[in-house]
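What follows is a short report on a single structure.
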Number of protein chains: 2
Amino acid sequence: MARKSTDRSGRPTLVDVAKEAGVSAITVSRTIRSPEIVSAAARQKVEAAIRKLGYTPDPAASALASHSTSTIGLLVPSLTNNVFSDVLRGVYDGVEGTRYFVQIGNYRYSALEEEGLIRNFLSQRPAGLVISSMDQTPAARALLESAPCPVVQIMEIADRAVDMSVGFDQLAAVRAGARHLFDCGYRRPGFLSARMDPRAQRRLAAFRDFNEAAGVLDDRRIMTTPQPSSVGMGRLLMEQLLSRAPETDAVMCNNDDLAVGALMEAKRRNIPVPSMLGICSFNDIEMVRQMVPSLTAVASPRREIGVRAIAMLLAEIAEPGSVADRHVDLGYQMIARESTSRR
Amino acid sequence: MARKSTDRSGRPTLVDVAKEAGVSAITVSRTIRSPEIVSAAARQKVEAAIRKLGYTPDPAASALASHSTSTIGLLVPSLTNNVFSDVLRGVYDGVEGTRYFVQIGNYRYSALEEEGLIRNFLSQRPAGLVISSMDQTPAARALLESAPCPVVQIMEIADRAVDMSVGFDQLAAVRAGARHLFDCGYRRPGFLSARMDPRAQRRLAAFRDFNEAAGVLDDRRIMTTPQPSSVGMGRLLMEQLLSRAPETDAVMCNNDDLAVGALMEAKRRNIPVPSMLGICSFNDIEMVRQMVPSLTAVASPRREIGVRAIAMLLAEIAEPGSVADRHVDLGYQMIARESTSRR
DNA sequence: ACATAAAATGACAGCGCAATCATCTTTATT
DNA sequence: AATAAAGATGATTGCGCTGTCATTTTATGT
């Protein structure tokens, strides 16, 4: 025999609400999704019934019937990285108060894992996708191009974004840092970078280009490692740099952890900063400005990128094609502090 | 007319695979979910068909039919906090390679928001829930108690956990830090704490209790603020502490940000650490040990908590009631470093 | 060889909701 | 007052999968 729908789980359904309110199921559905097209009288009856029964819609049934979910997928290469925890915060601030949920995928700097995650996310019919990379595999790119939902790529400015993008000019930002060191009179600058993913590689290239043009490039002063970034790694790289190229008078660090590590290593060796060693960081998390001496940094708009990405996604979900500025450059800021201020 | 299922979305369904493989739909379903109960011959046909058609199951349909999803809900009070980003990493490491997904809810230190999120998560029929608090509203507790899925509460040891729990004895950990300062000969210890949520309150109470018993308590040396924790806040609190109680010879910091801030403020004022000022941190993120001088800390097993929580959840999902140790104490570690080492 | 148990497979219904199209009111228009 | 247009509501159907139970096939023991 057909069981009543509440029998099994004790959970009321649309039909239960409809009966309670004396309307049809579809009217209940409409009251929830677009209350403005339901008469005030019906709406009130339905709302009362919902409250009385403690009804909550079943997202699975909704997803199945409508072929879309309220999930926004977010793909990041790392959860450890401070950069992405700021982006994450922006993203969560962005969805706050909307009906959307964020699901995070961590592809751990692997393009192959990224492709798998994209496939996986798409099979869930997400409302939208935020992806923090421009370096997908061809297959992943193809998946994104034919994705049935809006996609925002974040972090870099887009010469080759699939759909929309928000970021800043990473190369110009690195050049700004290099130029700052040069302008402060440092003539033997080094470069520290961990985790040499494509983005880090590009930034290193930008650093080399600028310094080569300025006539102050020496590849002996470029210290990199494929290992993850950390403060300890910053100290290690700094140590290696100083033993290989003791003449080094400044370092550009590819992120904040490394810069703090470099500062600590300088402190341990009693190398005065900024007089004997200038330090410029990249990204500018809060800690950086609280160091003593405070660290000069190229600041990236991490949280804003997250917020804006969600805003673009939501606008595009609400009305496809409605987003006019599909490629947004949020800029960077060169913030001079004590670690490069020698007069 | 009934349309073929592939017509609309171009996406193959279970039925399409079944036809291709010459078996019934349910056999395909079983091949995916429990291949061991399908004959090798059928399995191979099905797998070939799946590959050929590029079939991916629709999680929404599965959720609707089976009344359960592959989503694990994770509720944290903050995304900014370093502590939770480590837990997050552990959680993601834990689900890595399983069929489960993590969905994060950020209740921003609000028990009311937490209750809303619990309600919301439960309406999605999650496979399990991880919750980083013991201080729910009564309504939220009731929801959790009747939740149709396993629940793990993390961070603290459980005197009143709903289902399972993983954490460590936060109060004993704080006492260990306070004792360490005492044992190092510091007799005028202060305490810095931001964001006075219930857990921070309890830790402060533990600090007071120990120091009162040791006869070295002075409430003037307890500096707190309801604002969020940050390195800058650590500096500010340290500054206020020193101006209010200049005799202070040590500080216990309620987390790493504050400790780093305290160290920086000491450095700015040329107060030698550890000789004139001892510093003990709480949690011990990587940065802390790389400071110069390196910071003594009470280390918390953050990542392990995440990993273990997921392990318990998965075991319990696989076979309800199978987890024997339902309340796990992962312990803490008192790590003495330079910032308290005065001989 | 036969009976019996176990393994493998399938038919069918239904999960809870929303798209579609049809029907019925109400309001505006001439 | 007649008619059109807009607004509100409902009946039906199916989304893609899995639970249940019945049926068929294969293995096991005597």
Side-chain angles (χ1 to χ4, degrees), chain A residues 1-46 50 53 55-70 99 123-125 127 148, chain B residues 1-46 50 53 55-70 99 123-125 127 148:
Chain A
M1 283 298 78
R3 294 172 298 203
K4 298 202 57 96
S5 43
T6 48
D7 278 4
R8 217 183 16 66
S9 63
R11 188 171 160 172
T13 71
L14 263 192
V15 173
D16 299 320
V17 176
K19 278 184 194 142
E20 176 73 29
V23 298
S24 72
I26 190 65
T27 298
V28 177
S29 175
R30 282 196 274 250
T31 308
I32 293 168
R33 290 181 300 153
S34 13
E36 70 281 2
I37 65 167
V38 175
S39 68
R43 199 185 323 160
Q44 277 165 21
K45 279 188 296 182
V46 170
I50 287 177
L53 300 181
Y55 170 75
T56 9
D58 183 332
S62 167
L64 183 59
S66 70
H67 294 287
S68 72
T69 65
S70 300
R99 65 185 200 87
S123 82
Q124 295 185 61
R125 310 179 183 282
Chain B
M1 280 295 79
R3 293 171 299 201
K4 297 205 56 97
S5 41
T6 48
D7 278 5
R8 218 183 14 65
S9 63
R11 187 172 161 172
T13 72
L14 211 50
V15 173
D16 299 320
V17 176
K19 278 184 195 144
E20 176 72 28
V23 299
S24 74
I26 189 67
T27 299
V28 177
S29 176
R30 282 195 275 250
T31 307
I32 293 168
R33 290 180 300 154
S34 11
E36 71 280 2
I37 65 167
V38 175
S39 69
R43 199 184 324 159
Q44 277 164 21
K45 281 188 294 183
V46 170
I50 287 177
L53 300 181
Y55 170 75
T56 7
D58 182 333
S62 166
L64 183 58
S66 71
H67 295 288
S68 72
T69 65
S70 299
R99 65 185 199 86
S123 82
Q124 294 185 61
R125 310 178 181 284

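Chain A is the first sequence line, chain B the second, and so forth, proteins listed ahead of strands; every chain is numbered from 1.
Side chain of A:Thr69 to backbone of A:Ala63: no donor-acceptor contact under 3.5 angstrom is found. Although no hydrogens or angles enter the test, the distance criterion places a donor-acceptor pair under 3.5 Å between the side chain of B:Arg11 and the main chain of A:Ser123.
Contact of the B:Val38 side chain with the B:Val46 side chain is not registered, since no non-hydrogen atoms from C-beta on lie closer than 4.5 Å.
Here the C1' atom of nucleotide C:dT20 and the CD1 atom of A:Ile37 are 13 Å apart, to the nearest Å. For the pair A:Ile32 CD1 and C:dA18 C1', the computed distance is 11 Å after rounding to whole Å. As rounded to whole Å, 12 Å separates atom P of C:dG16 from atom CG of A:Leu64. Spacing between atom CD of A:Glu36 and atom P of D:dA6 amounts to 18 Å, rounded to whole angstrom units. Between the CD atom of A:Gln44 and the C1' atom of D:dA8 there is a distance of 16 Å, given to the nearest Å. With rounding to whole Å, A:His67 atom NE2 is found 9 Å from C:dA19 atom C1'.
In this structure, B:Thr56 has no side-chain hydrogen bond (donor to acceptor under 3.5 Å, both in side chains) partners at least two apart in sequence or on a different chain.
Remark: A:Ser39 is in phosphate contact with D:dT9, judged by side-chain N or O atoms under 4.0 Å from OP1 or OP2. Close to C:dT9, at under 4.0 Å from its OP1 or OP2, lies no side-chain N or O of B:Thr27.
When all heavy atoms of B:Pro12 and B:Leu53 are compared, the pair lying nearest together is CG-O, 3.5 Å.
A side chain to side chain donor-acceptor pair (under 3.5 Å) check over residues 25-42 of chain A, counting only residues at least two apart or in different chains, returns the pairs A:Ser24-A:Thr27, A:Ser29-A:Arg33.
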Pull out every protein N or O sitting under 3.5 Å from an N or O of nucleotides 17-20 of chain D, one pair per line with the distance.
{"from": "D:dC17", "atom 1": "OP1", "to": "B:Tyr55", "atom 2": "OH", "distance (Å)": "2.3"}
{"from": "D:dC17", "atom 1": "OP1", "to": "B:Asp58", "atom 2": "N", "distance (Å)": "3.3"}
{"from": "D:dC17", "atom 1": "OP2", "to": "B:Leu14", "atom 2": "N", "distance (Å)": "2.4"}
{"from": "D:dT18", "atom 1": "OP2", "to": "B:Ser29", "atom 2": "OG", "distance (Å)": "2.4"}
{"from": "D:dG19", "atom 1": "OP2", "to": "B:Arg33", "atom 2": "NH1", "distance (Å)": "2.8"}

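B:Ala42 comes within contact range of the sugar-phosphate backbone alone, with a heavy-atom separation under 4.0 Å but no base atom that close.
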